[in-house]
Amino acid sequence: MEKSTSLTTEKIILDLLPQQFGRRGKIWTGILISICLLGAFAYYRQLRYGLQVTNMRDYASWGIYISNFVFFVAISLVGSLITAVFRLADVKWATPLTRIAEIIAVSAIVFASLIIIVDMGRPERFYNLFLHGRIQSPIMWDVIVITTYFCISLLLLYMPLLPDLKILLRFKESAGSGKWLQKLYKFQGSFWKGTKAQFALSERAITILCIAIIPVAFSIHTVTSWLFATTYRPGWDSTNFGAYFISGAFLVGAGGVVVAMYMFRRFYHLDKYITELHFDKMGRIVVLLSLLYLYFNINEYMVPAFKMKKAEEGHLNELFTGDYALMFWFAIITGLIVPIIVLLFKKGRKPLPMFVIGIMVVVGAWFKRYLIVTPTLLNPFLPMQEVPANYHHYFPSWEEWSIAMGTLAGALLVITFFARIYPIIPIQETLTEQHEMEEK
Amino acid sequence: MQNNDSSRREFLLTGLLATMATVGCSDAHPFTPEDPIEPSGEKVKLLSVDGQIIEVDKAFLKPVPDMPPVSIDESRIGIAGKKFVMVIDLSRCKNTKKCQASCNHMHQIHSEQNWMKVYEMQESEQTAPYWQPTNCMHCDEPPCVKVCPVDATFKREDGIVLIDNERCVGCRFCMAACPYSARVFNWEPSDFKLEGVQKAYSPENSIPQKMGTVSKCDFCPDRHREGKLPYCVDACPNGVFFFGDMNEDSVTNGAETFRFSELIKDKAGYRLMEDLGTKPRVYYLPPVNRNFPFESGLETENATDKKVTH
Amino acid sequence: MKWKKNKILPAVALLIILMVPFCTEAQKNAEKKTVSFGISYWMNNNRAVYIIANAKSKVDGKFQPDAGVKVSIYLDKDSSANLIGKYITDAHGLAKAIIPPSLQSVWNASPKHTFLAKTEEDKFYESADAEISISKSKILLDTVSDGEKKSVTVSVSAFNGTTWMPVSGVEMKVGVSRSVGSILAVSDKDAYTTDSTGKATIEITKAKFPGDEKGNIVLVARVDENEQLGNLIIEKTVPWGTAVTPDNSFFDQRALWATRFRTPIWLLVMAYSIVIGVWGTIIYLIMLLLKIKKLGMAEA
């Protein structure tokens with residue numbers, strides 16, 4: 001008994017240790033880096049020539065930078081869902097997914113703050129936010145709450161990593177790590193000895209973190225929704241907005257985790273750790289969240305459409321049947337309706353269909369954010385007159401696309417490198433659970 | 001501020017004596033209590049109408065007092081004792097767009113943009129169309145100021161909402177917040193052909209336009225300090241715009257002067273989008289008993305503004 | 001800027017095309033501007049007299065003020081003895097002249113005078129001149145307050161060499177002085193004409209003009225561009241207004257639109273209590289982490 005356990009332990013550890021990039025890994029990283037570089041070049045042009053390189057103008061004064069920002073904030077919420085909510089609810093099956101969720105959260109929140117700087121007309125004056133910051137402005141609330149969420153997420157990523165760092169240090173040879181990685185591990189975790197006292201403290205810290213992160217996560221997305229809801233504009237002027245944004249955020253986050261689960265399982269050969277059971281459970285969660293989001297969508301569109309106030313009319317017609325109808329129905333159908341239908345069936349919750357649905361949810365959610373930002377701005381209260389023709393429409397310029405895609409690629413790159421350096425599935429926690437199961 | 005104010009009062013109260021010594025500080029207007037001119041101490045001898053020699057302080061002799069642009073700190077407070085207000089009489093507007101041209105030129109606004117727009121309005125199919133000049137409403141509950149993260153746009157004592165383009169970070173939240181679409185963003189570098197000596201930047205004169213920041217109608221407080229009406233008011237050939245001070249209860253378009261309260265009462269003045277609670281400082285007089293048929297404005301529309309698309 | 005590359009060729013072509021009109025443009029610039037030149041006479045409150053010369057010219061069909069025009073102004077005769085002064089117009093195209101004491105004898109010699117203004121021809125401007133003739137005049141503003149009834153009498157008189165004679169038919173505006181030089185009517189009319197005795201009497205029928213903090217208002221009578229007399233202004237401060245204390249309480253209040261120094265208290269309390277609560281927790285967590293580290297170090 002004793003022997004076999006230790007053998008399994010060895011096996012688990014070896015399976016879960018970070019691996020060097022294979023050929024596919026290198027190609028993947030190469031593609032991501034090139035997209036990032038293109039984005040960086042586009043941003044260099046934007047710095048040099050100003051926001052004129054974008055296709056934003058006075059009416060569509062916010063564009064895909066802002067919708068991308070909302071998307072990032074939304075997807076980052078998943079860290080709190082999978083890690084905190086499940087941990088507090090003692091949902092054991094979710095353990096292998098916690099780190100995936102946390103790193104998605106951290107990298108998304110980093111790029112959310114980056115893209116907000118990209119959107120600024122005068123990024124070199126960023127310091128004014130600290131020098132002259134006004135607490136009345138929802139932007140300041142967002143700055144504060146994003147910083148807070150970033151810190152908590154980072155701690156929540158780091159704390160459970162400590163025991164794994166010890167394992168990484170122990171398995172020097174098989175970790176496929178060079179000297180500098182060992183140095184990094186040593187710097188970050190050499191003080192972890194795995195004593196009872198340390199475990200007790202760390203357990204306590206993680207519990208506090210899990211409780212603290214939930215209200216902060218709710219705040220970050222509620223405040224982000226207030227950037228819109230605190231204005232008078234049709235489509236934004238809604239008391240439903242906070243809840244609507246949060247439900248959508250949980251959905252896209254869960255979708256993102258499903259996609260990441262599939263990719264890691266496939267390319268890191270983690271079939272034994274991320275099993276069909278996980279996909280099945282995640283599928284149920286995605287259905288639940290989709291239904292929740294659908295509920296808020298109906299609230300958000302049905303109620304104003306029932307009244308059809310003059311200011312709302314143009315905006316809603318444009319979404320339902322006008323210029324944005326194609327994108328709107330695409331986002332609703334692929335991002336909401338199809339996932340609900342497919343995932344209701346057990347066969348739909350198998351890994352591959354789940355992967356496809358996950359992508360649909362994420363892509364649909366991205367376009368949904370675009371639809372929240374742009375059409376509203378192009379439906380002002382006073383008619384759009386006395387402006388050049390290109391002020392009446394908005395389609396992002398190549399610079400905007402490159403920068404937006406660059407940040408998305410950057411977020412993926414952070415996740416990729418993280419999985420290269422650290423075990424993407426918590427080793428220590430998997431071992432503990434294994435022991436507990438065996439003891440039973 | 002207190003000090004300044006009391007000196008202003010003193011200036012006002014010494015009344016006649018002061019005005020006698022004040023040989024007209026601005027053209028046509030000898031009495032601008034809002035701009036106390038500091039005596040330079042240097043006296044000039046001159047001849048009075050009955051051939052007597054009198055002495056006058058040199059500072060009072062300039063046709064237009066050379067006021068250096070006020071500092072940014074001063075321009076955040078405003079002109080003491082004033083509550084600026086504008087009345088736009090829709091029954092007089094013929095869409096000549098002279099207001100717009102003058103404003104654009106004097107504020108060096110990018111050729112594609114306008115601070116002053118003359119909207120072609122029609123509430124519904126059966127209601128009459130009319131021309132509605134619209135600039136910044138200088139709201140008393142300004143939604144744009146509420147959302148500014150860095151105090152770059154601010155409300156002043158005299159009611160004016162201004163922008164400090166040297167602080168603005170260009171987040172454009174104020175543009176999203178403004179229900180009147182009054183704000184423009186300097187996407188491109190100014191295409192204005194600069195001539196002559198440039199004034200130093202001040203939030204009060206708003207020039208030059210600064211790339212990467214938001215700008216909008218400023219009610220021309222720099223003009224007021226010179227004893228002049230805003231550019232749009234001055235430029236309008238039909239006297240559509242009335243500008244004045246609520247504390248004085250008086251508005252003028254240059255040729256005519258009315259008591260503000262009476263004008264609003266007699267002609268049933270109203271404000272735009274009252275239901276939003278923004279409390280604008282721009283009032284409108286309804287387009288009744290019009291001076292021009294609506295159609296006469298269409299000519300300018302077709303002739304001058306090729307950029308316009310509907 | 002992305003269009004720049006693909007448009008180098010057309011740009012070169014455009015440049016060549018542009019060169020042609022540029023030459024004519026340069027020629028046009030060499031042509032001197034013809035200044036539209038005017039001169040006016042002003043008298044304030046019967047004391048100081050001044051002359052304003054006004055230079056403007058048409059640019060693209062619109063009059064623009066001409067700054068930097070050299071102007072010489074003479075009294076009666078275009079001779080150096082009668083020179084009032086040499087001036088340069090300012091940014092508004094204006095030059096203002098006062099009569100120097102040296103011309104006292106010339107001024108006193110006649111009840112009527114002609115002011116001559118000349119601009120010298122220079123690199124930019126053709127020469128131009130203007131003149132205006134005026135009679136020496138006086139304008140007086142008297143007020144009568146009989147309890148409820150209040151009235152203003154404005155009298156205008158001109159000097160004939162020996163005495164001051166009333167001038168009839170002088171048009172003027174009378175009212176309360178308001179900002180930017182505007183005059184707010186005190187009765188149903190705002191324009192009046194002097195009668196044969198050179199007087200115009202205006203009964204104040206409108207009431208409650210906002211004045212300063214003590215209720216003072218400034219009554220003003222203004223004659224604009226009278227052919228014989230020029231521009232005359234007379235003012236008188238009277239305590240006939242209602243006292244108005246500027247109310248800045250709206251500006252001083254704590255509000256969502258106020259500056260960061262006047263944030264509403266409720267918002268400050270909410271924001272700071274949340275921030276302190278959450279960051280207190282974060283700091284506690286970091287302390288826990290340090291404790292873990294310390295334990296580990298002790299173990300080693």
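Note that the structure is a prediction, hence the values are computed from the model and not measured. Just the heavy atoms: all of them, side chains too, but no hydrogens, waters or symmetry mates, feed the values below. In what follows, chains carry the letters A, B, and so on, assigned in the order in which the sequence lines appear, proteins first and then strands, with residues in each chain numbered from 1.
When heavy atoms are compared at a cutoff of 4.5 Å, Asn165(B) approaches chain A solely by way of its backbone atoms N, CA, C and O. Of the atoms belonging to Val118(B), heavy atoms from both backbone and side chain fall under 4.5 Å from chain A. Within the 4.5 angstrom heavy-atom criterion, only side-chain atoms of Trp236(A), from C-beta onward, approach chain B. For Ile116(A), no part sits under 4.5 Å from any heavy atom of chain B, backbone or side chain. With a threshold of 4.5 angstrom between heavy atoms, Ser61(A) approaches chain B through its backbone and through its side chain.
Most heavy-atom pairs under 4.5 Å with chain B, from the set Leu227(A), Leu129(A), Thr230(A): that is Leu227(A). Comparing Asp142(A), Ile135(A), Asp237(A), Ile139(A) by heavy-atom pairs within less than 4.5 Å of chain B, the highest count is held by Ile139(A). With chain B as the partner, the residue from Met140(A), Arg125(A), Met120(A), Met56(A) showing the most heavy-atom pairs under 4.5 Å is Arg125(A).
In terms of the side-chain hydrogen bond (donor to acceptor under 3.5 Å, both in side chains) criterion, Lys146(B) has no residue partners (sequence neighbours excluded).
Contacts between residues 371-383 of chain A and chain B, counted as heavy-atom pairs separated by less than 4.5 Å, involve Leu377(A), Pro380(A), Phe381(A), Leu382(A), Pro383(A).
In terms of heavy-atom proximity, Ala177(B) sits nearest to Tyr232(A) at O-CD1, 3.8 Å. Taking all atoms of both residues into account, the shortest heavy-atom contact from Cys232(B) to Phe241(B) is O-CD1, 3.8 Å.
More than 12 heavy atoms of other residues, nucleotides or ligands lie within 6.0 Å of OH in Tyr127(A), so this atom counts as buried by the packing criterion. Atom NZ of Lys210(B) has more than 12 neighbouring heavy atoms from other residues, nucleotides or ligands inside a 6.0 Å radius.
Here the straight-line distance linking atom CD of Glu400(A) with atom CG of Asp119(A) works out to 9.0 Å at 0.5 Å rounding. Atoms CD and CD, on Glu112(B) and Glu386(A) in that order, are 13.5 Å from each other to the nearest 0.5 Å.
Taking the six-membered ring where the residue is Trp, the centroids of Phe328(A) and Tyr301(A) are separated by under 6.0 Å.
For the pair Arg369(A) and Phe71(A), the cation-pi test (distance below 6.0 Å, angle within 45°) is failed.
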